[in-house]
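No hydrogens, no waters, no symmetry mates; every other heavy atom, side chains included, goes into these values. Convention: sequence-line order gives letters A, B, ...; per-chain numbering from 1.
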Number of protein chains: 2
Amino acid sequence: MQEKIAQRKADLFKAISHPTRIRILDLLSDGEHCVCDIFEGLNVEQANTSQHLSVMKKQGILQSRKEGLRVIYSIKNPEVIEMLELANQILKKEADEAMSTFAGVAEK
Amino acid sequence: MQEKIAQRKADLFKAISHPTRIRILDLLSDGEHCVCDIFEGLNVEQANTSQHLSVMKKQGILQSRKEGLRVIYSIKNPEVIEMLELANQILKKEADEAMSTFAGVAEK
DNA sequence: GCTTTCCATCAAAAAAAATTGATATGATGG
DNA sequence: CCATCATATCAATTTTTTTTGATGGAAAGC
């Protein structure tokens, strides 16, 4: 793989790699929301929320449109949701493993 | 979503979010390799490679085994490969859009 | 037991990202 | 025009990551 592409791909992943941004994506995964909904819903500073949104928009993860005073954000690429689901699967598998390890110990 | 889970998920994404680590995953996507192959193949310092590998191993993305003097790394969860493929799709779509925008301009 | 090879770890420096509070912008209503 | 509401931007600070060079440890061959 070329270094340039690896960099671009890393930027994409990086734009997702923050707990607040993950929660924003989770909130947006069932439809668009205005900024006010987002920062109030997640209990994050407005300025901070705005910056997280802009990071994701810059990387093409989100899109936005104006509606009066408000700005409505939504997920641009559904692939992002699939990526989050895959992450879920990994964590689930991990939890299962931890569980069976525990069971194994209990058996001894 | 709980804050704890969002944090864990962010850590997982973060462990992928580096150009060198993306290239390592790409190299490992078709099978296991020893550290020496990796850092020589990617032309990265040995110490640096080792640290990137440990970041990914810590997050459960990679696993390793010893074989004589060598340490052989491999991808632990195939979901990671799927995540990279989804990222590819997003970048591809983006490139297509840029292309058609360019074509649109040329038409005018 | 030495030496060499392969890899991990450490600590310091450098670079990048996140948070915060203050301020700016821009649409809307009066 | 003025005030207000929703959001964005900015600059300073703090925190986190990354890189680098040096060193340490463990397996293998001699």
Side-chain angles (χ1 to χ4, degrees), chain A residues 3-4 6-28 31-76, chain B residues 3-4 6-25 27-28 32-76:
Chain A
E3 180 56 37
K4 270 271 179 80
Q7 178 66 62
R8 179 69 191 85
K9 225 179 274 186
D11 288 342
L12 193 62
F13 276 94
K14 212 178 298 183
I16 304 179
S17 306
H18 189 285
T20 299
R21 297 202 286 266
I22 298 266
R23 292 203 296 152
I24 290 173
L25 290 171
D26 203 52
L27 188 65
L28 293 180
E32 56 181 23
H33 285 282
C34 67
V35 179
C36 51
D37 279 358
I38 297 169
F39 85 85
E40 282 162 12
L42 301 185
N43 205 34
V44 177
E45 295 282 334
Q46 179 271 320
N48 197 356
T49 302
S50 192
Q51 289 187 126
H52 283 307
L53 290 169
S54 111
V55 166
M56 290 193 279
K57 185 176 178 181
K58 193 175 166 193
Q59 294 305 323
I61 290 174
L62 300 181
Q63 61 197 168
S64 69
R65 64 188 174 82
K66 281 205 98 168
E67 198 177 288
L69 273 178
R70 310 203 163 163
V71 177
I72 317 286
Y73 278 85
S74 57
I75 292 178
K76 188 174 181 188
Chain B
E3 178 58 38
K4 271 271 180 81
Q7 176 68 61
R8 180 67 189 87
K9 226 179 273 185
D11 288 341
L12 194 61
F13 276 95
K14 209 180 300 182
I16 304 179
S17 306
H18 190 285
T20 299
R21 295 201 287 265
I22 299 267
R23 292 203 296 153
I24 290 173
L25 290 172
L27 187 64
L28 293 181
E32 57 180 22
H33 284 282
C34 66
V35 178
C36 51
D37 279 358
I38 297 170
F39 86 85
E40 280 163 15
L42 302 184
N43 206 34
V44 177
E45 294 283 335
Q46 180 270 319
N48 196 357
T49 301
S50 193
Q51 289 186 126
H52 283 307
L53 289 169
S54 110
V55 165
M56 292 193 278
K57 186 176 177 181
K58 193 174 165 192
Q59 293 307 323
I61 289 174
L62 299 182
Q63 59 196 170
S64 68
R65 64 186 172 83
K66 282 206 94 167
E67 199 176 288
L69 271 178
R70 310 201 163 164
V71 177
I72 317 286
Y73 278 84
S74 58
I75 292 177
K76 188 175 178 185

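In this structure, CD1 of A:I38 is placed 12 Å from C1' of D:dA6, rounded to the nearest angstrom. Rounded to an integer number of Å, the gap from B:H33 NE2 to C:dC7 P is 13 Å. Per the geometry, CD belonging to A:Q46 stands 14 Å off P belonging to D:dC10, to the nearest Å. Spacing between atom CD of B:E45 and atom C1' of D:dT17 amounts to 17 Å, rounded to whole angstrom units. Spacing between atom CD of A:Q7 and atom C1' of D:dT18 amounts to 13 Å, rounded to whole angstrom units. Distance B:I24 CD1 to D:dT18 C1': 13 Å, rounded to the nearest Å. Remark: C1' of C:dT5 and CG of B:D37 are 14 Å apart, rounded to the nearest angstrom. C:dA15 atom C1' lies 15 Å from atom CG of A:D11, rounded to whole Å.
Positionally, the nearest nucleotide of DNA chain C for B:N48 lies more toward the 5' end than for the other of B:N48 and A:K14.
In the model, B:Q7 has no side-chain atom that pairs as donor or acceptor with a side-chain atom of A:R23 under 3.5 Å.
Contact annotation: A:R70 side-chain N/O to C:dT28 OP1/OP2 distance is not under 4.0 Å. Distances shorter than 4.0 Å separate some side-chain N or O of B:Y73 from OP1 or OP2 on C:dA8. Between A:H18 and C:dA16 there is no side-chain N or O to OP1 or OP2 distance below 4.0 Å.
Between A:N48 and the choices A:Q46, A:Q51, A:H52, the side chain to side chain donor-acceptor pair (under 3.5 Å) rule is met once, by A:H52. With B:I24 as the partner, the side chain to side chain contact (heavy atoms under 4.5 Å, CB included) test is satisfied by one option alone out of B:I16, B:L53, B:V44: B:L53.
The number of heavy atoms from other shown groups lying within 6.0 Å of CD (B:E45) does not exceed 12.
Distance from the side chain of B:L69 is smallest for C:dT5 among the nucleotides C:dT20, C:dA8, C:dT5.
The side-chain heavy atoms of B:Y73 and B:K57, taken from C-beta on, include a pair separated by under 4.5 Å.
Counting only distance, with no hydrogens or angles, the side chain of B:S17 and the backbone of A:K14 share a donor-acceptor pair below 3.5 Å.
Listed by residue number, the members of residues 49-68 of chain A with any heavy atom below 4.0 angstrom from DNA chain C are A:Q51, A:H52, A:K66, A:G68.
Residue contacts for B:F39: at a heavy-atom cut-off of 4.0 Å it reaches no nucleic acid atom on any strand shown.
The two residues A:I61 and A:A15 come nearest to each other via the heavy atoms CD1-CB, 3.7 Å.
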